[in-house]
> 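This is the structure I want to talk about, given as structure tokens.
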Amino acid sequence: MKHLVANLVNDALARLPELAEATADLSVDSTVERTRDASHGDFASNIAMRLAKPAKKNPREIATSVVDALGDNPEISKVEIAGPGFINFYLSPSAFHAELKSILDSGTDYGRQPKKESPRILLEFISANPTGPLHVGHGRLAAYGASLGNVLEAAGFPVYREYYVNDAGRQMDILGTSVWLRWLESGGVVVPFPKAGYRGGYIKDIAAEIDISGIEMPAAEAVLDGMPLDGPEDASDATQEERDANKALRETYIEALVKRAVHLAGDTGFDRIRQQSLESILADIKDDLAEFGVTLDKWFSEQSLTGTGRIDDALAVLEERGILYKKDGATWFPATKFGDEKDRVVVRENGVKTYFASDIAYHFDKRERGFDHLIDILGADHHGYMARVKAGLEAMGYQGDDLEIELVQFVTLYRGGEKMQMSTRSGEFDTLRQLRAEIGNDAARFYYVMRSNDQHLDFDLDVATSQSNDNPVYYIQYAHARIARVFQKASEAGMSWNQDNGRGHLGQLTATQEKSLISALSRYPEIIELAAKNRAPQTLVHYLRDLVSDFHSSYSAHKVLVDDANLRDARLALYAAVKIVVASGLAILGVSAPDEM
RNA sequence: GCGCCCGUAGCUCAACCGGAUAGAGCACCGGAUUUCUAAUCCGGAUGUUGCAGGUUCGAGUCCUGCCGGGCGCGCCA
């Protein structure tokens with residue numbers, strides 16, 4: 001409906017050549033907005049104020065000429081000039097009724113924009129390292145990414161969802177070693193477990209389930225012979241130097257253990273342990289996400305980049321262009337030339353390529369696959385990567401702006417008023433799976449995206465569980481269930497909805513609550529557009545709450561199943577439309593719309 | 001120290017490229033059910049939008065400085 005008004009303003013401007021120059025670089029659409037206050041009409045345009053300076057005219061004068069040029073339109077019942085120069089539009093009831101019919105005609109396609117061919121969007125999200133189950137922080141990335149993907153799709157963009165599986169490199173060796181050690185332990189071979197290893201209980205489960213046949217169980221002495229000591233935990237009052245030193249010791253110990261594991265289990269044996277561990281964890285992650293209603297189009301394996309030499313190819317391209325340079329035995333990428341703070345190593349002195357090298361190759365690969373716009377959803381701690389990955393894209397011949405990074409702030413879990421610690425390696429984290437079991441998928445999906453992604457999220461489990469009836473997600477779902485019930489009741493009472501009759505009597509929906517509700521419904525397409533533009537699914541959350549609040553008010557004030565069939569069918573038409581929009585909005589958020597509660 | 005994000009009612013948060021009187025929920029108080037689900041509705045209070053300047057017809061929103069919180073600043077991933 002907003003576009004309807006914007007188009008009228010546009011047409012009016014076309015009839016005013018004296019304003020043409022001033023209007024040149026102004027999007028008329030952006031001047032039209034819903035009013036906050038009903039006394040300002042349904043829509044307002046601030047175009048007269050915006051044009052005042054470039055046209056060198058008084059805003060109210062401009063407003064007057066625009067209004068005169070509008071002419072008569074059946075959709076508009078009244079136009080007023082108010083305040084410093086706002087043009088207020090009052091839409092006719094028939095305009096709202098047409099919108100209502102459009103909802104009934106389109107069903108859950110209502111509000112969806114026509115499909116666009118471009119830009120093709122590649123949405124990468126979660127991409128949690130496959131070294132353990134997803135924790136509650138990943139849950140936020142998953143919920144935000146999934147909802148954002150749905151919102152973008154609803155806004156017409158082609159969206160491809162991808163999870164980057166970091167299944168190559170050192171951490172996989174540490175994972176394999178951790179599992180190997182737990183397997184030894186189960187065979188009575190006890191070795192001090194490395195502090196830098198993965199210590200979660202799931203490691204033992206994996207050790208118990210994987211196929212270990214043909215791999216020899218060594219004696220403890222064989223494992224420990226010549227091993228350095230593990231570094232101690234940091235004391236709470238440790239200085240930075242002590243922390244660095246401890247960490248170096250822990251790293252040395254785990255490195256040595258990895259080498260020993262490879263040696264004792266054999267190259268192929270260790271490889272089998274590592275791959276099985278990876279597969280086990282990945283299967284768990286996939287299952288977890290599927291249950292959470294999060295689907296991906298592709299699980300992009302880092303091994304597929306290293307295995308096919310695509311990282312080398314990318315580096316070769318940079319080499320050819322003379323971009324890379326050598327220093328201290330390492331190969332550097334001059335990120336500072338592309339706006340980053342410092343230059344970055346791509347190949348270490350020991351010949352091992354860095355994570356950044358695969359990042360360059362991966363993002364290059366995304367563009368090469370034909371995606372025009374890349375969106376990465378990352379945890380807030382990754383903000384340091386923005387500049388360098390954009391730099392990498394530019395060096396590979398694309399635009400830094402092809403990549404958009406949406407940062408998601410941290411989640412803090414509270415239980416019993418206590419902040420909970422979350423760390424994968426220490427094994428004390430709370431998993432997404434546990435959270436879902438406690439509060440349910442719907443509440444979890446909803447809570448995760450209720451707040452702006454750039455706000456910290458405090459997740460209070462006590463509130464989410466013990467007071468779950470006050471949960472806004474139920475408030476919205478309840479509206480859907482109530483409507484479903486009304487339709488059921490109608491048919492039970494022999495008052496089945498006659499849709500055609502309802503459509504013919506929408507003029508009887510004259511109550512204040514009903515008019516507000518119709519107006520709220522008509523906002524839905526604008527909300528989709530806005531949420532997509534701002535990458536802000538929470539816009540939809542707030543909208544649904546408002547919409548449903550109008551519904552509950554109307555429902556309480558006016559009985560639906562009245563004897564007057566015309567009024568009854570009209571009200572049923574209104575509620576059918578509400579049901580459609582609520583179901584559609586909840587589907588975008590990944591929340592179910594139950595018919596019964 | 002440098003960089004990024006955040007700061008709005010007692011609490012948790014909204015506020016559409018800057019727009020009219022900054023809005024919701026929770027909590028608190030009072031009321032509503034012989035009537036389609038009371039997981040509901042109706043009524044009631046709350047603001048120096050962290051502070052100080054600046055730009056503008058107009059600033060929670062943009063700019064500068066400061067204060068407070070989070071995160072990052074590796075030849076880790």
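So that the names make sense, note that chain A is the first sequence line, chain B the second, and so on, each numbered from 1.
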> Taking the C1' atom of each, how far is U12(B) from G31(B), in whole Å?
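So the two C1' atoms sit 27 Å from each other.
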> For nucleotides 71-73 of chain B, list the nitrogen or oxygen atoms of the protein found under 3.5 Å from its nitrogen or oxygen atoms, one pair per line.
residue, atom, partner, partner atom, Å
C71(B), O2, H383(A), NE2, 2.8
C73(B), O2', K342(A), NZ, 2.9

> Strictly by modelled atom types, are T31(A) and S45(A) linked by a side-chain donor-acceptor pair under 3.5 Å?
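Per modelled atom types, T31(A) and S45(A) side chains form a pair under 3.5 Å.
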> Quick one: list whatever passes side chain to side chain contact (heavy atoms under 4.5 Å, CB included) with L141(A), sequence neighbours left out.
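If we apply the side chain to side chain contact (heavy atoms under 4.5 Å, CB included) test to L141(A), skipping adjacent residues, the hits are H138(A), I377(A), V408(A).
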> For the pair made of NZ in K390(A) and C1' in C4(B), what is the distance, rounded to whole Å?
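Atom-to-atom, K390(A) to C4(B), this comes out as 13 Å.
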> In whole angstroms, how far is the P atom of G25(B) from the CZ atom of F446(A)?
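For the pair F446(A) CZ and G25(B) P, the rounded distance is 14 Å.
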> Do the side-chain N and O atoms of H552(A) and R482(A) include a donor-acceptor pair separated by under 3.5 angstrom?
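Yes.
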> Checking all strands, does N88(A) fall into the base, sugar-phosphate, or nothing category for heavy-atom contacts under 4.0 angstrom?
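Touches a base.
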> Can you measure M386(A) atom CE to C4(B) atom P for me and round it to whole angstrom units?
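Taking CE of M386(A) and P of C4(B), I get 10 Å after rounding.
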> Under a 3.5 Å distance rule, please check whether D564(A) uses its side chain to pair with a backbone N or O of N566(A) as donor and acceptor.
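Side chain of D564(A) to backbone of N566(A), a donor-acceptor pair under 3.5 Å: yes, one is there.
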> Could you check how far CG of D340(A) sits from C1' of C2(B), rounded to whole Å?
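Between C1' of C2(B) and CG of D340(A): 13 Å.
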> Kindly check if the number of other-residue, nucleotide or ligand heavy atoms within 6.0 Å of CG (D37(A)) is above 12?
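Yes, CG of D37(A) has more than 12 neighbouring heavy atoms, counting only those of other groups under 6.0 Å.
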> Name all residues meeting the ring pair (Phe, Tyr, Trp, His ring centres under 6.0 Å) criterion together with Y575(A); count only those two or more places apart in sequence or in a different chain, and write none if there are none.
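Result, ring pair (Phe, Tyr, Trp, His ring centres under 6.0 Å) vs Y575(A): F551(A).
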> Roughly how many Å apart are C51(B) and U46(B), using the C1' atom of each and rounding to a whole number?
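My reading of the C1' atoms in U46(B) and C51(B) gives 22 Å.
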> Output, in order, the C-alpha distance, side-chain angles, deciding distance and verdict of salt bridge (charged side-chain N to carboxylate O under 4.0 Å, His left out) for E341(A) and R388(A).
CA-CA 9 Å; E341(A) 292 174 344; R388(A) 81 185 69 162; over 6 Å; no
> Does the side chain of D343(A) pick up a donor-acceptor pair with the side chain of Y325(A) at under 3.5 Å?
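The criterion, which ignores hydrogens and geometry beyond distance, is satisfied for Y325(A) and D343(A).
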> Tell me, which pairs form a side-chain hydrogen bond (donor to acceptor under 3.5 Å, both in side chains) where one or both residues lie in residues 530-545 of chain A, sequence neighbours left out?
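Sorted result for residues 530-545 of chain A: E404(A)-R535(A).
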> How far does the P atom of C11(B) sit from the matching atom of U48(B), given to the nearest Å?
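My reading of the P atoms in C11(B) and U48(B) gives 12 Å.
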> Can a donor-acceptor pair be found between the side chains of E80(A) and Y90(A) at a distance below 3.5 Å?
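The answer is yes; a qualifying pair exists.
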> Nearest-Å distance, NZ (K533(A)) to P (A15(B))?
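The distance from NZ of K533(A) to P of A15(B) comes to 12 Å, rounded to the nearest Å.
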> If the P atom of C5(B) is compared with that of U61(B), how far apart are they to the nearest Å?
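That atom pair is separated by 16 Å.
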> Base, sugar-phosphate, or nothing: which does R571(A) touch, judged by heavy atoms less than 4.0 Å apart?
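Touches nothing.
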> Run the side chain to side chain contact (heavy atoms under 4.5 Å, CB included) test against D230(A) and tell me which residues pass, sequence neighbours left out.
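P194(A), K195(A), R250(A), Y253(A).
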> Does U12(B) have its OP1 or OP2 closer than 4.0 Å to a side-chain nitrogen or oxygen of Q455(A)?
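For U12(B), OP1/OP2 do not have a side-chain N/O of Q455(A) under 4.0 Å.
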> Any luck finding a side-chain donor-acceptor pair between R34(A) and S522(A) under 3.5 Å?
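On atom types as modelled, these side chains qualify, holding a pair under 3.5 Å.
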> What's H558(A) touching, base or sugar-phosphate or nothing? Going by heavy atoms closer than 4.0 Å.
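Touches a base.
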> Just checking, any donor-acceptor pair under 3.5 angstrom between side chains of S516(A) and D550(A)?
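No, D550(A) and S516(A) have no side-chain donor paired with an acceptor closer than 3.5 Å.
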> Side chain of Q477(A), backbone of P594(A): donor and acceptor closer than 3.5 Å?
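No; judged by distance alone, with no hydrogens or angles, the pair does not exist.
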> Below 6.0 angstrom between ring centroids: does that apply to Y362(A) and F300(A)?
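Judged by ring-centre distance (under 6.0 Å), Y362(A) and F300(A) do meet the cut-off.
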> Could you check how far NE2 of H480(A) sits from C1' of U40(B), rounded to whole Å?
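Checked: the NE2 to C1' distance equals 17 Å.
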> For the pair made of CG in D569(A) and C1' in C36(B), what is the distance, rounded to whole Å?
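Between C1' of C36(B) and CG of D569(A): 15 Å.
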> Would you tabulate the nitrogen or oxygen pairs shorter than 3.5 Å linking the protein to nucleotides 41-46 of chain B?
residue, atom, partner, partner atom, Å
C41(B), OP1, Y475(A), OH, 2.3
C41(B), O4', S556(A), OG, 3.1
C41(B), O3', S553(A), OG, 3.4
C42(B), OP1, S553(A), OG, 2.7

> Which of the following nucleotides, C13(B), A20(B), C5(B), is nearest to the side chain of A82(A)?
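Out of C13(B), A20(B), C5(B), the nucleotide with an atom closest to A82(A)'s side chain is A20(B).
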> Mapping L530(A) and K327(A) onto RNA chain B by nearest heavy atom, which one lands closer to the 5' end?
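Per heavy-atom nearest nucleotide, the more 5' residue is L530(A).
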> Taking only residues two or more places apart in sequence or in another chain, which ones pass ring pair (Phe, Tyr, Trp, His ring centres under 6.0 Å) with H382(A)?
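Checked H382(A) against ring pair (Phe, Tyr, Trp, His ring centres under 6.0 Å); matches are Y385(A).
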> Return yes if the base of A14(B) and the side-chain atoms of D546(A) contain a donor-acceptor N/O pair under 3.5 Å, otherwise no.
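Looking at the base of A14(B), it does not pair with any donor or acceptor on the side chain of D546(A) (distance under 3.5 Å).
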> Do F333(A) and F356(A) have ring centroids that are under 6.0 Å from one another?
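When the ring centroids of F356(A) and F333(A) are compared, they turn out to be within the sub-6.0 Å range.
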> Taking the C1' atom in each of G18(B) and A59(B), what is the distance between them to the nearest angstrom?
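My reading of the C1' atoms in G18(B) and A59(B) gives 7 Å.
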> In what stems does RNA chain B take part, counting only runs of at least 3 consecutive Watson-Crick or G-U pairs whose two distances fall under 3.5 Å?
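Detected stem regions: B:1-7 with B:67-73, B:10-13 with B:23-26, B:28-32 with B:40-44, B:50-54 with B:62-66.
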> Name the nucleic acid region contacted by K326(A), choosing base, sugar-phosphate or nothing; use a 4.0 angstrom heavy-atom cut-off, strictly under.
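If one applies the 4.0 Å heavy-atom cut-off, K326(A) turns out to touch nothing in the nucleic acid.
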> Applying ring pair (Phe, Tyr, Trp, His ring centres under 6.0 Å), can you list everything that pairs with Y163(A), at least two apart in sequence or on another chain?
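Once residues adjacent in sequence are excluded, the partners of Y163(A) under the ring pair (Phe, Tyr, Trp, His ring centres under 6.0 Å) criterion are W299(A).
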> What one-letter contact string describes nucleotides 30-35 of chain B from 5' to 3', where B marks a base within less than 4.0 Å of any protein heavy atom, S marks contact via sugar-phosphate atoms alone, and - marks no contact?
-----S
> Below 4.0 angstrom, which residues in residues 483-494 of chain A have at least one non-hydrogen atom near RNA chain B?
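Residues of residues 483-494 of chain A under 4.0 Å from RNA chain B: R485(A), V486(A), K489(A).
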> With the threshold set at under 4.0 Å for non-hydrogen atoms, list the residues of residues 32-40 of chain A touching RNA chain B in residue-number order.
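Only E33(A), R34(A), R36(A), H40(A) qualify.
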> Evaluate R170(A) against E251(A) for salt bridge (charged side-chain N to carboxylate O under 4.0 Å, His left out), listing each step before the verdict.
CA-CA 11 Å; R170(A) 202 175 88 102; E251(A) 298 289 312; 2.7 Å; yes
> Rounded to whole angstrom, note down the C1' distance from A22(B) over to G65(B).
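Pairwise C1' distance, A22(B) against G65(B), rounds to 26 Å.
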> Suppose you measure atom C1' in A9(B) against the same atom in C26(B); what distance do you get, rounded to whole Å?
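These two C1' atoms come out 12 Å apart once rounded.
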> Roughly how many Å apart are C57(B) and C13(B), using the P atom of each and rounding to a whole number?
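Between the two P atoms, the distance is 36 Å.
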> Any side-chain heavy-atom pair from R571(A) and H558(A) closer than 4.5 angstrom?
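SC-SC contact between R571(A) and H558(A) confirmed.
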